Each structure stands twice: as C-alpha cells, then as structure tokens.
Amino acid sequence: MIFVGMGRIDVRDGAFVVIDEVNGERMHIPVGSVVCIMLEPGTRISHAAVKLAAATGTLLIWVGEAGVRLYSVGQPGGARSDKLLYQAKLALDENLRLKVVRKMFELRFGEPAPERRSVDQLRGIEGARVRKTYELLAKQYAIEWRGRRYDPKDWQAGDVINQCISAATSCLYGVTEAAILAAGYAPAIGFLHSGKPLSFVYDIADVVKFETVVPAAFKVASQKPKQPDREVRIACREAFRKDKTLHRLIPLIEEILSAGEISPPIAYEDSQPPAIPEPISIGDSGHRSK
C-alpha cells in the first residue's frame, strides 16, 4: 500500500503515475505490487487511473491528512454474492456469530475463549486484556501512558503516542479492507463491531494489530518523532513486509469465518444464469474488473 498526497494520479504506458504539476516530477507506481492506494487531501485521480485500479483489483481509499479519517472507498465490494450470503448468515445467527467471535478471541490472544461466555462477556474480557497490553507496551518503551484518547476531528489534540497509534491503525485498516474486498466479503458486516461501514475491517484488524502496527507505533513514539504520522507509516510498511501481513490476511479471514462450521451457500437449481458470461478477470475474486 502507498499514500499519495498533493499530486495527480494518471496512467502512462499501462502503469499508474503520480504527476507533480508544480515541479514537473513524475513517479511510477508498479501495478502488480500495489494492493491499495491511499489518497490524501490535494490528490486528484483521472478516469483512466480509476479504470486501471478496477481492472487490477487495486483499492482506492480517500483519507484525511495522515490517514486519520477514511472518507470513501473506490471498490464497493459485493462482486461475490455467495461470499456475502455466507458472511451474512454467520452474522445473523447468534450461535454461529458466537463461534466466529470465539475464534477471533483465540487467534488474538493465543488461547481458547472461556467457555459459556456471551459475546458481551467476551468483549469485556477482551477490553481488559487490551488495556493491559497498552500498559505493558508503554512500560517497555518508557512512554507515559494515560489511556487511548483521541479526537478524529482534531489530529493535533492527542499526545504523540495516541497520534502514532491512530496513524498506525489507519494503515492497517486500509490493508485489511483491501483484503476483505479482494476476498469477496463486505466490510460493513461485522461480528464484534456493528453499525459502521468498516465493522468487519475493525474485527479483522483487531486480531493482528498488537502483533504488527501497535508495537511499531510505540517504538516510533519512543523516539520523539518530528513527523509522527510519516514515520509511523514507514514503520508500518516495514512491519507489513516483515510479518507478511498481506499474505496472512485473506487466509486469516477464511479461517475465522470457517469457525461457524457451515459451507457457503450453493445456488438454487432454478436460479437464472447470467445472460452474458463474465469475462476473465485479472483482479481478485471480490473485485469487478470489467
């Protein structure tokens, strides 16, 4: 994933390019290795670039400065109805939902969830462990910790560590949403989180964030950075490479959902096939490439 700010994204010779109209500079973005492009304020994108992004399965995300807010997403998802129905069935059945939540707990904390606990009770246990983890990281990196406090409407209001954590989780949300859409699922259908466009993104990101971006945020904050958001993004990029986060996410999503122990629905025998066959796609299964 990359962040682009203050430039125009276009297509030249079948590849994305970022053009600096003031200085006349141009930077190429390799199509095959980019999962998502974060568009910060001051960025414009051409019709040709949006078309290329759709064809290659590259997610476009319009974010605020430093990535602390997400305004819109270029790929709405929904290309695989079987995946959406499967996800919806798991979320709507309370017993199936509890199985999925228990699996998230197990993967996040490395141990099975306590028996005979409701989703609310598991959420309470999770919250206590998360607070303890923040305290341990603060002690490890010698950072004064007053809790997770931030105002998404006022980036500068938070202290440095909270700025770093916000920037880091924003990076992870972008990669996670790209993986969810690429796998053919809906970011809005969550299991622990609900009522938000990115509910499932928050669910999946929470499973891995304390292995990847949160330690990176504490490490950067301990170095008293002059530009917390930029340095955190660089640290997150390295963490994603080191831990192969993108390679893990789609199998992780499938493993979590498989905890419901049901199969994706099969089309009814009397269902109508498409009148026009779908073209072969070079993007992932969850993207509309044509």
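Just so you know, these numbers come straight off a predicted model, no measurement behind them. Values reported hereafter were calculated over all heavy atoms of this structure, with side chains retained and with hydrogens, waters and symmetry mates removed.
With salt bridges taken as basic N to acidic carboxylate O contacts below 4.0 Å, none links Asp20 and Arg26. A salt bridge is absent between Arg129 and Glu126: the closest approach of a Lys/Arg side-chain nitrogen to an acidic carboxylate oxygen does not fall below 4.0 angstrom. Ionic pairing of Arg233 and Asp229 is present here: one or more N-O contacts between side-chain nitrogen and carboxylate oxygen are shorter than 4.0 angstrom. Under the 4.0 Å criterion applied to side-chain N and carboxylate O atoms, Glu106 and Lys99 are not assigned as salt-bridge partners.
Of all heavy-atom pairs spanning Pro114 and Arg102, the tightest one is O-NH1, 2.7 Å.
For Gln140, the side chain to side chain contact (heavy atoms under 4.5 Å, CB included) partners are Leu137, not counting sequence neighbours. In this structure Arg116 satisfies the salt bridge (Lys or Arg N to Asp or Glu O under 4.0 Å) test with no other residue, sequence neighbours excluded. Here Arg237 pairs with Ile234, Arg241 under the side chain to side chain contact (heavy atoms under 4.5 Å, CB included) rule; sequence neighbours left out. With sequence neighbours left out, the salt bridge (Lys or Arg N to Asp or Glu O under 4.0 Å) criterion links Arg230 to no other residue.
Between Tyr185 and Phe200, the ring-plane angle classifies as perpendicular under the 30° and 60° cut-offs.
Residues Ile256 and Phe191 fail the side-chain proximity criterion, which asks for heavy atoms closer than 4.5 Å. Proximity of Leu39 to Ile61: side-chain heavy atoms (C-beta onward) are nowhere separated by under 4.5 Å. Counting heavy atoms from C-beta outward, His28 and Phe16 have side chains that stay 4.5 Å or more apart.
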Cut-off 3.5 Å, no hydrogens considered: what does the side-chain donor-acceptor table look like for residues 210-217, sequence neighbours left out?
unit_1	atom_1	unit_2	atom_2	d
Glu211	OE1	Arg248	NH1	3.1
Glu211	OE1	Arg248	NH2	3.4
Thr212	OG1	Val208	O	2.9

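Clustering of Ile, Leu, Val, Met, Phe, Trp and Tyr side chains at separations under 4.5 Å places Ile19 together with Val17.
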